[in-house]
Each structure stands twice: as structure tokens, then as C-alpha cells.
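Notes for the one structure printed next.
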Amino acid sequence: MLDIKLIREYPEVVRAGIRRRGDDPAQVDALLAVDERRRALITEVEALKAERNMVSKEISKLKNPAEREGKIAASRELGERIAELDKQTAEADAEFNQMLLWLPNLPHADVPDGTTEHDNIVVRTEGQPREFAFTPKPHWELGEALDIIDFERGVKLSGSRFFVLKGAGARLQRALITWMLDVHTQQHGYREIAPPYVVKAEVLVGTGNLPRFGENLFKIEGADLTLIPTAEVPVTNLYRDEILEVSQLPIYHVAYTPCWRNEQMSAGRDVRGIKRVYQFDKVEMVKFVTPETSYAELTTLIDNAEDICKALHVPYRLLRLCTADLGTATMKFDLELWAPGVQEWLEVSSCSNFEAYQSRRANLRYRPEPGAKPEFLHTLNGSGLALPRVMIAIIENYQQADGSIVIPEVLRPYMGGIEVIR
RNA sequence: GGGGAGAUGGCGGAGCGGUUGAACGUGCUCGUCUCGAAAACGAGUAGGGUCUGAAAAGCCCUCGAGAGUUCGAAUCUCUCUCUCCCCGCCA
């Protein structure tokens, strides 16, 4: 969430930011109205509480029963007014918090304006698409023919948009996870985390998935738990309600988890293949950093994700996302792999800086120097990378005329001797 | 799932219904002493909110969470959460 002091002091700046991302700036004024009402109530009730505390102190010293009774009656009366005002304050507070949690993050000045994803900017494209002597097939044809992706049985078990990996396909996914974790932990300085796959609602509020984006979540029936839509959620919340020493920062974490997303999309869209599914695997990088370093950290985060694309030798491109496509970030970059079978660029990573938007929600703080007041740190995260789409890219880019798939060099040590899936 | 114990400041650990935001110890910071360090001594050391132009000061809230009793709750009652021990079950 945003700093209420910033909103009070520079409402026009906040309105402008919200307008840029296509959201309604009137929310700001509604919020400020509630804030004002809330603060008036606080001032009033606190004055009464101060008075009651004084009277209470007097009562404890009084010996004379008559005097005592008089003070007690006065205090009782104060108590009744306080109870009424406390109730009103709590209501105003709840309303205030709900509105503040609903407000989006503000785009960074360098983010290009835009109204749809078409306004995203291609920063650069790396690698040459391979020349095929035959027409490259989509991954679902190759995967089914090789019996490494089983769509029918996935549907049988769990319904549409679920799939089963088999044999070398399952092995390839496991190899990718292990390899990516190894690269990030051994070469990029991340510490591996294996978090729970279900979390409490407050944890989802921490990352910004709630209250605004709850419709994509799978909630567990009979428990106050939700399946995580990304490892970002548990990992970003790791240090919630803690005050870290500045010497502990930056913290780099990487986590492999399955991700569950109850995508509300039209039934006919992206139904074939494993591009858009309800459950997928992902390796996610999360950074906790000091505010002054967060944009430099975003650059290295992108580099870390890009290293994976490079090592796979699959053409990819880097996109700078426009104001319409930021999610809850202040700035975001996407990495897309080229998939020659389906003839499209596949988003395999989003690298974002959230500044203090998430840390305020999750109460993630650090002490800038020993003895100093705690401040909110900055959080970033980026996929490194999202699995089913990397699988698509490998299967389609490394396919041969006979339908077999060559395993990329970097993955061979992880494939138990398999060099070609046939 | 059954039974028992507990949850207090960075940590340990007191705590009577009314100068307890909290004794005492310890840790940490600063100072004195020292060539320096240790020891000793002295001082300081939670978070949030609100008011004020800012700072300082003040005031309010917070002793796991929530609700209640009371003029007044860390202290009494209830509910929940979590931790520890014993029994049962189990990957």
C-alpha cells in the first residue's frame, strides 16, 4: 500500500499516478475523506481517554468514600462515551484500511504510458530463431506423440487445463527445476527456500493478491488457507512483522514451488497445450533490499533471469511493461521465449520492483543504522523461470524432423544420460 | 484426537486489580577509567498512532489475538491461536 502521509501531503501526485495506470483517481478523495473523519474521532476519543486515566489515578488516591463515589460516577460516564466513540473509530478504521489496501501502486516515472499490453516496449531481442527444414510442430503434438505429456488423463483426474507429465517429460521438468535452482544458488547468490504451498489470507494481503485479485485464487474448503499462486507470496512474507538489521540486507531468496491459478478466462482461449493451466511449476527469485538500491537490484534480477534464457539457447526478448500492465509493481519487465511450433512469444518471467508497496502491507522493516527508527524495505521478485512455458520452448525449439527432442546441453547432466527424447 | 503446562521488552525472568510500559538479570550503545582491552562505575536502550509547520515535548494504544467483568485489567472471566510435555494415530 501507499504511504498515507504521501497521500495526504501530495494527493495530486497520487491521483496522477493512479490515472496513468488507468485506475480511478477519485478513490484518493474518498480515502482522504475517511481519513479525516477517522482522525477527528481519534483526537476526540483520545482526549476522553486521557481524562479518564487522570480520574482513575485520582480515585486510587482518594480515601473519602463520598468523594470516591463521585469520581467513580464521572469515570463511568466517560467510559460510556469512550465506548461509543471507540466503536465509531473502529468502523472508520476498517473502512480506511480497506480503501488503502485497495489503492494500486504508483508507476515509476520511467514507465511508458499505455492502455493495453500492446503498448509494452521491446527493449531487445536476443538469439536468432532457428531455421527449420520442416514445419515445426506445436508442443502438444510432439508431447503426445512421445507420450511425455498426457492431456486426456490430466483432464480425467482434475478437469480441463490440467495435464500429466510422463517419463522423460517429467524428468525434463525436474531437471529444469534443479538446474535453475543450482544456477541461482551457486552463481547468483540466492538462498534456497522451500515454503508452504498454502497460506493464510493475511499473507496474500501482504503481497497484494488480496483484497483486489482474489478471484484467481484456489481456496481450500474447510480451512482458512489458500493455495499459493506463486512462491512470491510465502517468500515475500517470510520476514513479515520483523525488523531486520541493515547488515542483513540485501537478502536474495529463490524458491521452487507449484503455483495454482484459477484463471477466469473465456473457455476457448489457449485451451490447447500447457501454456495456460491451473497448476504449474515455477522457480521464483525474491529480493529484500534497501530503498536506495532497489532499481539497481531490479537490473541484476533481470540479468539473473536472462542468464537462464541464454543458457538454454532459445531466442528471447525483454519487454518493458507499460502503465497498464504493471500489476502491483512500480516497474516491471517481462522475458519471453520464442516458441516456433505455436509461433508466439511466451512470457516466462516477470521481474518487478514493488518499492515499499508490499513491505507496508506485510510490515517488512529494517533499521537503516543501529538505533535508528525502522523503515520499510523494498521488495522485488522475478520468475527464474516459469516451467511449463520453458518446457514448451524447449520442446518446440529442439524438435527434429522425426519428432524427437534434443536435450539442451546445460540440462544433460540433470537428465540421467538422456540426450534425445524419442 | 485425549490429557497437562505455558505465552510478558533483543534474550532470561518477576509481577499485588489502581505512580507497571512494566522489577531484577543479561545483551547492546555511549561515556568515565586504560597505551589498548577486560573489569568496574555512570547514562541510555520497544513498536505504533495522534496533535504541532518541522523538531522537541505531550497525549493515546500495545504484556500471544479477540471479546467480556470493572470507575480502572499484564493481573479476573470466556473464546481462539501458537509453543512445550505425556498418550493415541500416522507419511
If you measure from the P atom in G58(B) to the same atom in C80(B), how many Å do you get, rounded? 42 Å

Students often mix this up, so state it plainly: with edges at 30° and 60°, are the rings of His188(A) and His184(A) parallel, tilted or perpendicular? tilted

If you count the non-hydrogen atoms of other residues, nucleotides and ligands that lie under 6.0 Å from CG in Asp224(A), is the total more than 12? no

When the C1' atoms of A65(B) and U81(B) are considered, how many whole Å apart are they? 7 Å

Taking the P atom of each, how far is C60(B) from A74(B), in whole Å? 14 Å

Taking everything shown except Glu12(A) itself, do over 12 heavy atoms lie less than 6.0 Å from its CD? yes

Would you mind checking if Arg39(A) and Glu36(A) are paired as a salt bridge, meaning a charged N to carboxylate O distance below 4.0 Å? no

Interatomic distance where NZ belongs to Lys87(A) and C1' belongs to A67(B) [whole Å]: 15 Å

Does Tyr10(A) have any ring-ring contact (aromatic ring centres under 6.0 Å, His included) partners at least two apart in sequence or in another chain, and if so, which? none

Please name all residues satisfying side chain to side chain contact (heavy atoms under 4.5 Å, CB included) with Val123(A), sequence neighbours left out, ordered by chain then number. Leu318(A), Arg320(A), Phe333(A)

Rounded distance in Å - NZ (Lys200(A)) to P (C80(B)): 16 Å

State which residues pass side chain to side chain contact (heavy atoms under 4.5 Å, CB included) with Pro368(A); sequence neighbours excluded, sorted by chain then number. Tyr366(A), Ala372(A), Glu375(A)

Pairwise C1' distance, G13(B) and A7(B) [rounded to whole Å]: 13 Å

In terms of the nearest nucleotide of RNA chain B, which residue is placed more toward the 5' end: Ala40(A) or Arg68(A)? Arg68(A)

In whole Å, what separates the P atom of U26(B) from that of G88(B)? 44 Å

Nearest-angstrom distance, P atom, G48(B) to G10(B): 12 Å

Contact check, side chains of Arg37(A) and Val34(A), non-hydrogen atoms, under 4.5 Å: yes

Does the side chain of Arg360(A) get closer than 4.0 angstrom to OP1 or OP2 of G48(B) through an N or O atom? no

Only pairs at least two apart or in different chains count here, so list each side chain to side chain donor-acceptor pair (under 3.5 Å) that has a residue in residues 96-106 of chain A. none

Donor-acceptor contacts under 3.5 Å from residues 249-257 of chain A side chains, at least two apart:
| from | atom 1 | to | atom 2 | distance (Å) |
| --- | --- | --- | --- | --- |
| Tyr252(A) | OH | Glu297(A) | OE1 | 2.7 |
| Tyr252(A) | OH | Glu297(A) | OE2 | 3.1 |
| His253(A) | ND1 | Arg191(A) | O | 3.4 |
| His253(A) | NE2 | Tyr239(A) | OH | 2.7 |
| Tyr256(A) | OH | Asp281(A) | OD2 | 2.7 |

Nearest whole angstrom, please: distance from the C1' of U50(B) to the CD1 of Ile82(A). 16 Å

Report yes or no: do Thr300(A) and Lys287(A) form a side-chain donor-acceptor pair below 3.5 Å? yes

All ring-ring contact (aromatic ring centres under 6.0 Å, His included) counterparts of His139(A), not counting sequence neighbours: none

Measure from NZ on Lys57(A) to P on A73(B) and round the result to the nearest Å. 14 Å

Using atom CG of Asp241(A) as one end and atom P of G48(B) as the other, report the distance to the nearest whole Å. 12 Å

Heteroatom pairs (N/O) under 3.5 angstrom, protein to nucleotides 45-47 of chain B:
| from | atom 1 | to | atom 2 | distance (Å) |
| --- | --- | --- | --- | --- |
| G47(B) | OP1 | Arg367(A) | NH1 | 3.1 |
| G47(B) | O3' | Arg365(A) | NH1 | 2.9 |

Taking the C1' atom in each of U20(B) and A14(B), what is the distance between them to the nearest angstrom? 11 Å

Taking atom P of U81(B) as reference, at what distance in whole Å does atom CD of Glu202(A) sit? 14 Å

For RNA chain B, consecutive-pair runs of 3 or more (Watson-Crick or G-U wobble, both H-bond-type distances under 3.5 Å) give B:1-7 with B:81-87, B:10-12 with B:24-26, B:27-32 with B:40-45, B:46-50 with B:58-62, B:64-68 with B:76-80

How long is the line joining CG of Asn363(A) and C1' of G49(B), in whole Å? 14 Å

All N/O contacts under 3.5 Å from nucleotides 53-64 of chain B to the protein, with atom names and distances to one decimal?
| from | atom 1 | to | atom 2 | distance (Å) |
| --- | --- | --- | --- | --- |
| C60(B) | OP1 | Asn53(A) | ND2 | 2.8 |

Output the rounded distance in Å from NZ (Lys5(A)) to C1' (U50(B)). 10 Å

Same-atom distance (C1') from U45(B) to U50(B), integer angstrom: 24 Å

Below 4.0 angstrom, which residues in residues 31-39 of chain A have at least one non-hydrogen atom near RNA chain B? Arg38(A), Arg39(A)

Taking every heavy atom of Glu347(A) against every heavy atom of Glu336(A), the minimum-distance pair comes out as CA-CG, 3.9 Å

Partners meeting ring-ring contact (aromatic ring centres under 6.0 Å, His included) with Trp345(A) (sequence neighbours left out): Trp338(A)

Please tell me which of Ala73(A) and Ser60(A) maps to the more 5' nucleotide of RNA chain B, matching each residue to the nucleotide holding its nearest heavy atom. Ser60(A)

Which residues satisfy the side chain to side chain contact (heavy atoms under 4.5 Å, CB included) test with Glu58(A), sequence neighbours excluded? Lys71(A)

